[in-house]
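Computed from heavy atoms alone, side chains included, the values below leave out hydrogens, waters and symmetry copies. Each chain gets a letter, A, B and so on, in the order the sequences are listed, and its residues count up from 1.
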Number of protein chains: 2
Amino acid sequence: MTDDGRKEPSTREAALAWESLFRAQVALMRRFQRDDVWGPLTIREYDVLFTLSGCPGGSARLRELAENSLLTQPSLSRLVERLEVDGWVTRGPVEGDGRGVAVTLTPAGTELQREVGRRHARSIRHFVGGALDADELATMKALTDKLRAAQAGIPDA
Amino acid sequence: MTDDGRKEPSTREAALAWESLFRAQVALMRRFQRDDVWGPLTIREYDVLFTLSGCPGGSARLRELAENSLLTQPSLSRLVERLEVDGWVTRGPVEGDGRGVAVTLTPAGTELQREVGRRHARSIRHFVGGALDADELATMKALTDKLRAAQAGIPDA
DNA sequence: TGTTGGTCCATGCGTACGCATGGAACGGAG
DNA sequence: CTCCGTTCCATGCGTACGCATGGACCAACA
(Lines give C-alpha, C1' and ligand atoms only; values in the text may rest on other atoms or scores of the structure.)
Protein backbone atom coordinates (compact mmCIF):
# COMPACT_ATOMS: atom_id res chain seq x y z
CA MET A 1 0.00 0.00 0.00
CA THR A 2 1.16 3.49 -0.78
CA ASP A 3 0.48 6.33 1.59
CA ASP A 4 -2.44 7.54 -0.50
CA GLY A 5 -4.20 4.25 0.07
CA ARG A 6 -3.98 2.81 -3.44
CA LYS A 7 -3.11 -0.86 -3.81
CA GLU A 8 0.41 -1.08 -5.24
CA PRO A 9 0.33 -3.42 -8.23
CA SER A 10 2.77 -6.28 -8.67
CA THR A 11 5.17 -6.45 -11.57
CA ARG A 12 3.06 -9.22 -13.01
CA GLU A 13 -0.17 -7.23 -12.84
CA ALA A 14 1.45 -4.24 -14.49
CA ALA A 15 3.05 -6.39 -17.21
CA LEU A 16 -0.17 -8.22 -18.04
CA ALA A 17 -2.11 -4.99 -18.27
CA TRP A 18 0.52 -3.38 -20.49
CA GLU A 19 0.72 -6.39 -22.74
CA SER A 20 -3.04 -6.40 -23.17
CA LEU A 21 -3.08 -2.69 -23.94
CA PHE A 22 -0.23 -3.12 -26.40
CA ARG A 23 -1.77 -6.08 -28.19
CA ALA A 24 -5.13 -4.34 -28.51
CA GLN A 25 -3.43 -1.31 -29.98
CA VAL A 26 -1.47 -3.43 -32.45
CA ALA A 27 -4.54 -5.38 -33.53
CA LEU A 28 -6.54 -2.22 -34.14
CA MET A 29 -3.69 -0.40 -35.82
CA ARG A 30 -3.28 -3.27 -38.25
CA ARG A 31 -6.91 -2.89 -39.28
CA PHE A 32 -6.68 0.86 -39.56
CA GLN A 33 -3.53 0.60 -41.67
CA ARG A 34 -5.35 -1.62 -44.11
CA ASP A 35 -8.25 0.79 -44.32
CA ASP A 36 -8.52 2.55 -47.63
CA VAL A 37 -9.13 5.95 -46.05
CA TRP A 38 -5.73 7.62 -46.01
CA GLY A 39 -5.67 9.14 -49.48
CA PRO A 40 -2.20 10.47 -50.35
CA LEU A 41 -1.00 10.25 -46.72
CA THR A 42 0.75 7.64 -44.70
CA ILE A 43 -0.76 6.97 -41.29
CA ARG A 44 2.18 8.77 -39.65
CA GLU A 45 1.69 11.81 -41.83
CA TYR A 46 -2.01 11.84 -40.96
CA ASP A 47 -1.14 11.69 -37.29
CA VAL A 48 0.94 14.85 -37.63
CA LEU A 49 -1.83 16.66 -39.50
CA PHE A 50 -4.30 15.50 -36.84
CA THR A 51 -2.09 16.78 -34.04
CA LEU A 52 -1.75 20.12 -35.84
CA SER A 53 -5.51 20.32 -36.29
CA GLY A 54 -5.84 20.34 -32.51
CA CYS A 55 -3.31 23.12 -32.01
CA PRO A 56 -4.27 26.83 -31.87
CA GLY A 57 -4.15 28.21 -35.40
CA GLY A 58 -3.32 24.74 -36.74
CA SER A 59 0.27 25.54 -35.85
CA ALA A 60 2.90 24.03 -33.59
CA ARG A 61 6.64 23.95 -33.19
CA LEU A 62 8.56 21.02 -34.57
CA ARG A 63 9.64 20.18 -31.06
CA GLU A 64 6.06 19.93 -29.82
CA LEU A 65 5.17 17.59 -32.66
CA ALA A 66 8.17 15.41 -31.87
CA GLU A 67 7.03 15.02 -28.28
CA ASN A 68 3.75 13.44 -29.34
CA SER A 69 5.26 11.13 -31.93
CA LEU A 70 7.15 7.87 -31.93
CA LEU A 71 9.44 9.27 -34.62
CA THR A 72 12.81 10.76 -33.78
CA GLN A 73 13.36 14.46 -34.31
CA PRO A 74 15.35 14.04 -37.57
CA SER A 75 12.69 11.73 -39.01
CA LEU A 76 9.94 14.11 -38.08
CA SER A 77 11.93 16.97 -39.59
CA ARG A 78 12.00 15.19 -42.93
CA LEU A 79 8.37 14.07 -42.71
CA VAL A 80 7.35 17.71 -42.26
CA GLU A 81 9.60 18.60 -45.18
CA ARG A 82 7.64 16.19 -47.37
CA LEU A 83 4.32 17.54 -46.08
CA GLU A 84 5.48 21.02 -47.06
CA VAL A 85 6.51 19.91 -50.56
CA ASP A 86 3.06 18.40 -51.03
CA GLY A 87 1.41 21.59 -49.84
CA TRP A 88 -0.28 20.36 -46.66
CA VAL A 89 1.76 22.50 -44.25
CA THR A 90 4.08 25.48 -44.30
CA ARG A 91 7.22 26.03 -42.26
CA GLY A 92 7.97 29.43 -40.86
CA PRO A 93 9.90 31.17 -38.12
CA VAL A 94 8.78 31.10 -34.50
CA GLU A 95 8.21 34.56 -33.15
CA GLY A 96 10.70 35.31 -30.43
CA ASP A 97 12.92 32.27 -30.98
CA GLY A 98 15.21 32.21 -33.98
CA ARG A 99 15.92 28.51 -33.52
CA GLY A 100 12.37 27.27 -33.79
CA VAL A 101 10.33 26.20 -36.79
CA ALA A 102 6.60 26.76 -36.77
CA VAL A 103 4.66 24.12 -38.71
CA THR A 104 1.27 25.36 -39.87
CA LEU A 105 -1.58 23.62 -41.70
CA THR A 106 -2.45 25.12 -45.07
CA PRO A 107 -6.13 25.34 -46.06
CA ALA A 108 -5.56 22.30 -48.27
CA GLY A 109 -3.96 20.47 -45.36
CA THR A 110 -6.83 21.37 -43.06
CA GLU A 111 -9.34 20.13 -45.60
CA LEU A 112 -7.41 16.91 -46.24
CA GLN A 113 -7.15 16.19 -42.53
CA ARG A 114 -10.89 16.66 -42.12
CA GLU A 115 -11.73 14.37 -45.02
CA VAL A 116 -9.41 11.61 -43.94
CA GLY A 117 -10.44 12.13 -40.32
CA ARG A 118 -14.10 11.62 -41.17
CA ARG A 119 -13.39 8.36 -42.94
CA HIS A 120 -11.08 7.19 -40.20
CA ALA A 121 -13.67 8.05 -37.55
CA ARG A 122 -16.18 5.81 -39.27
CA SER A 123 -13.68 3.00 -39.12
CA ILE A 124 -13.05 3.64 -35.43
CA ARG A 125 -16.76 3.48 -34.73
CA HIS A 126 -16.90 0.19 -36.61
CA PHE A 127 -13.96 -1.56 -34.97
CA VAL A 128 -13.84 0.08 -31.53
CA GLY A 129 -17.49 0.97 -31.06
CA GLY A 130 -18.44 -2.47 -32.30
CA ALA A 131 -16.43 -4.12 -29.55
CA LEU A 132 -17.26 -2.15 -26.40
CA ASP A 133 -20.39 -0.34 -25.30
CA ALA A 134 -20.54 3.32 -24.30
CA ASP A 135 -19.93 2.71 -20.61
CA GLU A 136 -16.97 0.48 -21.29
CA LEU A 137 -15.46 3.02 -23.66
CA ALA A 138 -15.85 5.76 -21.06
CA THR A 139 -14.16 3.61 -18.44
CA MET A 140 -11.31 2.71 -20.76
CA LYS A 141 -10.81 6.33 -21.77
CA ALA A 142 -10.69 7.43 -18.14
CA LEU A 143 -8.03 4.83 -17.35
CA THR A 144 -5.85 5.52 -20.39
CA ASP A 145 -6.18 9.26 -19.81
CA LYS A 146 -4.97 8.75 -16.25
CA LEU A 147 -2.19 6.47 -17.44
CA ARG A 148 -0.90 9.02 -19.88
CA ALA A 149 -1.29 11.97 -17.55
CA ALA A 150 0.69 10.18 -14.88
CA GLN A 151 3.69 9.87 -17.16
CA ALA A 152 4.46 13.54 -16.69
CA GLY A 153 4.97 12.94 -13.00
CA ILE A 154 7.02 9.75 -13.06
CA PRO A 155 10.81 10.24 -13.10
CA ASP A 156 12.86 8.43 -15.70
CA ALA A 157 14.33 5.50 -13.84
CA MET B 1 -29.40 0.04 -28.38
CA THR B 2 -28.47 -3.22 -29.93
CA ASP B 3 -30.60 -6.29 -29.44
CA ASP B 4 -28.29 -7.62 -26.74
CA GLY B 5 -29.02 -4.59 -24.60
CA ARG B 6 -25.65 -2.86 -24.80
CA LYS B 7 -25.61 0.88 -25.32
CA GLU B 8 -24.35 1.54 -28.84
CA PRO B 9 -21.58 4.14 -28.65
CA SER B 10 -21.51 7.24 -30.82
CA THR B 11 -18.72 7.89 -33.30
CA ARG B 12 -17.45 10.58 -30.96
CA GLU B 13 -17.32 8.30 -27.95
CA ALA B 14 -15.46 5.63 -29.89
CA ALA B 15 -13.01 8.15 -31.37
CA LEU B 16 -12.22 9.75 -28.02
CA ALA B 17 -11.62 6.38 -26.40
CA TRP B 18 -9.38 5.23 -29.23
CA GLU B 19 -7.41 8.45 -29.22
CA SER B 20 -6.83 8.17 -25.51
CA LEU B 21 -5.74 4.54 -25.84
CA PHE B 22 -3.45 5.44 -28.71
CA ARG B 23 -1.87 8.42 -26.97
CA ALA B 24 -1.25 6.43 -23.79
CA GLN B 25 0.43 3.71 -25.80
CA VAL B 26 2.62 6.22 -27.65
CA ALA B 27 3.63 7.99 -24.44
CA LEU B 28 4.61 4.73 -22.78
CA MET B 29 6.32 3.33 -25.83
CA ARG B 30 8.48 6.45 -26.04
CA ARG B 31 9.68 5.86 -22.49
CA PHE B 32 10.29 2.17 -23.10
CA GLN B 33 12.23 2.91 -26.27
CA ARG B 34 14.53 5.18 -24.34
CA ASP B 35 15.08 2.53 -21.68
CA ASP B 36 18.56 1.09 -21.69
CA VAL B 37 17.32 -2.48 -21.32
CA TRP B 38 17.29 -3.83 -24.87
CA GLY B 39 20.89 -4.99 -25.18
CA PRO B 40 21.72 -5.92 -28.78
CA LEU B 41 18.06 -5.94 -29.85
CA THR B 42 15.73 -3.38 -31.29
CA ILE B 43 12.34 -3.18 -29.63
CA ARG B 44 10.77 -4.87 -32.65
CA GLU B 45 13.23 -7.72 -32.52
CA TYR B 46 12.52 -8.17 -28.82
CA ASP B 47 8.81 -8.29 -29.55
CA VAL B 48 9.37 -11.20 -31.91
CA LEU B 49 11.50 -13.08 -29.39
CA PHE B 50 8.85 -12.41 -26.74
CA THR B 51 6.10 -13.74 -28.98
CA LEU B 52 8.18 -16.84 -29.68
CA SER B 53 8.79 -17.34 -25.96
CA GLY B 54 5.06 -17.76 -25.51
CA CYS B 55 4.71 -20.34 -28.28
CA PRO B 56 4.96 -24.11 -27.66
CA GLY B 57 8.60 -25.11 -28.00
CA GLY B 58 9.58 -21.50 -28.56
CA SER B 59 8.61 -22.04 -32.17
CA ALA B 60 6.12 -20.54 -34.58
CA ARG B 61 5.57 -20.14 -38.29
CA LEU B 62 6.59 -16.93 -39.98
CA ARG B 63 2.97 -16.34 -40.86
CA GLU B 64 1.85 -16.53 -37.22
CA LEU B 65 4.50 -14.02 -36.22
CA ALA B 66 3.39 -11.67 -38.98
CA GLU B 67 -0.18 -11.75 -37.68
CA ASN B 68 0.88 -10.34 -34.31
CA SER B 69 3.16 -7.68 -35.68
CA LEU B 70 2.80 -4.28 -37.27
CA LEU B 71 5.51 -5.22 -39.76
CA THR B 72 4.67 -6.45 -43.23
CA GLN B 73 5.53 -10.02 -44.16
CA PRO B 74 8.64 -9.10 -46.19
CA SER B 75 9.97 -6.92 -43.39
CA LEU B 76 9.38 -9.64 -40.83
CA SER B 77 11.06 -12.15 -43.12
CA ARG B 78 14.21 -10.06 -43.14
CA LEU B 79 14.04 -9.29 -39.42
CA VAL B 80 13.98 -13.03 -38.72
CA GLU B 81 16.87 -13.46 -41.12
CA ARG B 82 18.91 -11.02 -39.02
CA LEU B 83 17.89 -12.77 -35.81
CA GLU B 84 19.14 -16.03 -37.31
CA VAL B 85 22.47 -14.52 -38.35
CA ASP B 86 22.94 -13.27 -34.79
CA GLY B 87 22.12 -16.69 -33.38
CA TRP B 88 18.91 -15.91 -31.50
CA VAL B 89 16.63 -18.09 -33.65
CA THR B 90 16.86 -20.85 -36.24
CA ARG B 91 14.75 -21.27 -39.36
CA GLY B 92 13.63 -24.74 -40.38
CA PRO B 93 10.99 -26.56 -42.38
CA VAL B 94 7.43 -26.92 -41.13
CA GLU B 95 6.42 -30.54 -40.83
CA GLY B 96 3.63 -31.28 -43.26
CA ASP B 97 3.86 -28.02 -45.22
CA GLY B 98 6.73 -27.49 -47.60
CA ARG B 99 5.93 -23.81 -47.97
CA GLY B 100 6.22 -22.87 -44.31
CA VAL B 101 9.20 -21.71 -42.30
CA ALA B 102 9.38 -22.60 -38.63
CA VAL B 103 11.16 -19.98 -36.52
CA THR B 104 12.55 -21.38 -33.27
CA LEU B 105 14.33 -19.74 -30.34
CA THR B 106 17.86 -20.98 -29.73
CA PRO B 107 19.02 -21.45 -26.10
CA ALA B 108 20.90 -18.17 -26.46
CA GLY B 109 17.78 -16.48 -27.80
CA THR B 110 15.70 -17.84 -24.95
CA GLU B 111 18.20 -16.58 -22.42
CA LEU B 112 18.46 -13.18 -24.07
CA GLN B 113 14.68 -12.78 -24.15
CA ARG B 114 14.48 -13.62 -20.44
CA GLU B 115 17.18 -11.16 -19.47
CA VAL B 116 15.76 -8.31 -21.51
CA GLY B 117 12.26 -9.27 -20.43
CA ARG B 118 13.18 -9.00 -16.76
CA ARG B 119 14.62 -5.54 -17.23
CA HIS B 120 11.68 -4.44 -19.34
CA ALA B 121 9.24 -5.77 -16.75
CA ARG B 122 10.85 -3.61 -14.09
CA SER B 123 10.34 -0.61 -16.31
CA ILE B 124 6.70 -1.54 -16.88
CA ARG B 125 6.12 -1.77 -13.14
CA HIS B 126 7.71 1.64 -12.77
CA PHE B 127 5.79 3.49 -15.48
CA VAL B 128 2.52 1.55 -15.65
CA GLY B 129 2.28 0.29 -12.09
CA GLY B 130 3.25 3.74 -10.87
CA ALA B 131 0.29 5.31 -12.62
CA LEU B 132 -2.65 2.99 -11.88
CA ASP B 133 -3.45 0.80 -8.90
CA ALA B 134 -4.10 -2.92 -9.06
CA ASP B 135 -7.86 -2.62 -9.48
CA GLU B 136 -7.52 -0.07 -12.24
CA LEU B 137 -4.99 -2.24 -14.06
CA ALA B 138 -7.30 -5.23 -13.85
CA THR B 139 -10.18 -3.19 -15.23
CA MET B 140 -8.07 -1.82 -18.06
CA LYS B 141 -6.76 -5.28 -18.92
CA ALA B 142 -10.27 -6.70 -19.02
CA LEU B 143 -11.41 -3.97 -21.41
CA THR B 144 -8.42 -4.15 -23.73
CA ASP B 145 -8.65 -7.96 -23.74
CA LYS B 146 -12.28 -7.66 -24.78
CA LEU B 147 -11.42 -5.04 -27.37
CA ARG B 148 -8.79 -7.24 -28.97
CA ALA B 149 -10.84 -10.41 -28.78
CA ALA B 150 -13.76 -8.71 -30.49
CA GLN B 151 -11.63 -7.91 -33.54
CA ALA B 152 -11.78 -11.53 -34.61
CA GLY B 153 -15.55 -11.22 -34.94
CA ILE B 154 -15.86 -7.87 -36.71
CA PRO B 155 -15.93 -8.01 -40.52
CA ASP B 156 -13.61 -5.78 -42.48
CA ALA B 157 -15.80 -2.94 -43.62
C1' DT C 1 31.06 41.99 -24.28
C1' DG C 2 32.96 37.59 -24.67
C1' DT C 3 32.38 33.01 -23.14
C1' DT C 4 30.13 28.86 -22.06
C1' DG C 5 26.51 25.48 -21.81
C1' DG C 6 22.13 24.25 -23.52
C1' DT C 7 18.27 24.06 -26.97
C1' DC C 8 16.42 23.56 -31.54
C1' DC C 9 16.48 22.04 -36.12
C1' DA C 10 18.94 20.20 -40.46
C1' DT C 11 21.91 16.92 -42.92
C1' DG C 12 25.23 12.82 -44.11
C1' DC C 13 25.14 8.10 -43.95
C1' DG C 14 24.13 3.35 -43.28
C1' DT C 15 20.18 0.36 -42.39
C1' DA C 16 15.39 -1.24 -42.20
C1' DC C 17 11.18 -0.46 -44.10
C1' DG C 18 6.93 -1.21 -47.51
C1' DC C 19 5.46 -2.35 -52.20
C1' DA C 20 5.50 -5.18 -56.03
C1' DT C 21 6.67 -9.38 -57.62
C1' DG C 22 8.31 -14.19 -58.17
C1' DG C 23 8.90 -19.13 -57.21
C1' DA C 24 7.64 -23.18 -54.62
C1' DA C 25 4.16 -25.88 -52.48
C1' DC C 26 -0.63 -26.93 -51.14
C1' DG C 27 -5.56 -28.37 -52.27
C1' DG C 28 -9.57 -29.15 -54.83
C1' DA C 29 -11.83 -30.11 -59.52
C1' DG C 30 -12.08 -32.41 -63.65
C1' DC D 1 -2.57 -37.02 -63.13
C1' DT D 2 -3.02 -32.34 -64.56
C1' DC D 3 -4.60 -28.03 -64.07
C1' DC D 4 -5.67 -23.85 -61.62
C1' DG D 5 -6.38 -20.80 -57.83
C1' DT D 6 -4.44 -19.95 -53.32
C1' DT D 7 -1.08 -19.73 -49.65
C1' DC D 8 3.52 -19.01 -47.96
C1' DC D 9 7.93 -17.09 -48.02
C1' DA D 10 11.92 -14.62 -50.46
C1' DT D 11 13.98 -10.84 -53.19
C1' DG D 12 14.65 -6.34 -56.10
C1' DC D 13 14.04 -1.68 -55.57
C1' DG D 14 12.99 2.87 -54.07
C1' DT D 15 12.04 5.36 -49.81
C1' DA D 16 11.83 6.48 -44.89
C1' DC D 17 13.99 5.55 -40.83
C1' DG D 18 17.47 6.20 -36.67
C1' DC D 19 22.08 7.67 -35.21
C1' DA D 20 25.62 10.84 -35.12
C1' DT D 21 26.80 15.26 -35.90
C1' DG D 22 26.86 20.19 -37.09
C1' DG D 23 25.33 25.05 -37.25
C1' DA D 24 22.41 28.64 -35.54
C1' DC D 25 20.46 30.63 -31.78
C1' DC D 26 19.27 31.51 -26.76
C1' DA D 27 20.30 32.47 -21.86
C1' DA D 28 23.26 33.22 -17.97
C1' DC D 29 27.25 34.99 -16.11
C1' DA D 30 31.93 36.99 -15.52
Side-chain angles (χ1 to χ4, degrees), chain A residues 26 29-49 51-52 55 59-86 88-104, chain B residues 26 29-49 51-52 55 59-86 88-104:
Chain A
V26 167
M29 198 63 101
R30 283 181 61 85
R31 306 207 81 154
F32 293 144
Q33 269 185 352
R34 281 203 245 279
D35 277 337
D36 188 25
V37 304
W38 305 109
L41 300 172
T42 66
I43 207 166
R44 286 167 172 170
E45 289 167 342
Y46 170 75
D47 188 47
V48 169
L49 296 189
T51 300
L52 282 175
C55 295
S59 185
R61 296 183 59 141
L62 202 49
R63 160 143 180 52
E64 304 177 70
L65 294 176
E67 281 170 0
N68 294 327
S69 165
L70 279 177
L71 295 178
T72 60
Q73 175 268 316
S75 296
L76 192 66
S77 184
R78 286 185 166 114
L79 187 152
V80 168
E81 185 182 357
R82 295 193 299 273
L83 289 177
E84 185 180 39
V85 168
D86 292 339
W88 311 125
V89 303
T90 57
R91 287 191 290 187
V94 173
E95 141 173 32
D97 188 342
R99 299 166 301 179
V101 168
V103 183
T104 306
Chain B
V26 167
M29 199 63 100
R30 283 181 60 85
R31 306 207 80 154
F32 293 144
Q33 270 185 352
R34 281 204 242 278
D35 278 337
D36 188 25
V37 303
W38 305 108
L41 300 172
T42 65
I43 206 166
R44 286 167 173 169
E45 288 167 344
Y46 171 75
D47 189 47
V48 168
L49 296 189
T51 300
L52 282 174
C55 295
S59 186
R61 296 184 58 141
L62 203 49
R63 160 140 181 51
E64 305 177 70
L65 294 177
E67 281 171 0
N68 293 327
S69 166
L70 279 177
L71 295 178
T72 60
Q73 175 269 317
S75 296
L76 192 65
S77 184
R78 286 183 165 116
L79 186 152
V80 168
E81 185 182 358
R82 294 193 301 271
L83 289 176
E84 186 181 38
V85 168
D86 292 339
W88 311 124
V89 304
T90 56
R91 287 191 289 187
V94 172
E95 141 172 33
D97 189 341
R99 298 166 300 178
V101 168
V103 183
T104 307

Measuring to OP1 and OP2 of [N], would you say a side-chain N or O of [X] lies under 4.0 angstrom away?
X       : N      : value
A/Ser77 : C/dA10 : yes
B/Arg78 : C/dT15 : no
B/Arg61 : D/dT7  : no
A/Arg99 : D/dC26 : no
B/Ser75 : C/dC17 : no

To the nearest Å, how far apart are [X] [atom1] and [N] [atom2]?
X       : N      : atom1 : atom2 : result
A/Leu62 : D/dC25 : CG    : P     : 17 Å
A/Gln33 : D/dA16 : CD    : P     : 16 Å
A/Glu81 : C/dT11 : CD    : C1'   : 10 Å
B/Arg30 : D/dG18 : CZ    : P     : 10 Å
B/Leu70 : C/dC19 : CG    : P     : 12 Å
B/Arg63 : D/dT6  : CZ    : C1'   : 12 Å
B/Glu95 : C/dA25 : CD    : C1'   : 16 Å
A/Glu67 : C/dT7  : CD    : C1'   : 12 Å

Please pick, from [options], the nucleotide with the shortest atom-to-atom distance to any side-chain atom of [X].
X        : options                : result
B/Leu79  : C/dC17, C/dC26, D/dC9  : C/dC17
A/Leu71  : D/dA10, C/dG18, D/dC17 : D/dC17
B/Val101 : D/dA20, C/dG18, D/dC9  : D/dC9

Assert: residue with more 5' nearest nucleotide on DNA chain D, out of B/Glu64 and A/Arg82, is B/Glu64
For a quick check of understanding: with a heavy-atom distance under 4.0 Å over all strands, which category does A/Leu65 fall into, base, sugar-phosphate or nothing?
nothing
Sugar-phosphate only, base, or nothing, as touched by A/Gln73 at under 4.0 Å among non-hydrogen atoms:
base
With rounding to the nearest 0.5 angstrom, report the [atom1] to [atom2] distance, [X] to [Y].
X       : Y        : atom1 : atom2 : result
B/Thr42 : B/Gln33  : OG1   : CD    : 9.5 Å
A/Arg91 : A/Leu62  : CZ    : CG    : 8.0 Å
A/Arg30 : B/Thr72  : CZ    : OG1   : 9.5 Å
B/Asp86 : B/Glu45  : CG    : CD    : 7.0 Å
A/Glu84 : A/Thr104 : CD    : OG1   : 10.0 Å

Contact check, residues 39-47 of chain B vs DNA chain D, heavy-atom distance under 4.0 Å, returns none
Determine whether B/Gln73 and B/Arg63 make a side-chain contact, defined as any pair of heavy atoms from C-beta on separated by less than 4.5 Å.
no
Would you say A/Asn68 and A/Asp47 make side-chain contact, with heavy atoms under 4.5 Å?
no
Checking B/Trp88 side chain against B/Arg82 main chain: does a donor-acceptor pair fall under 3.5 Å?
no
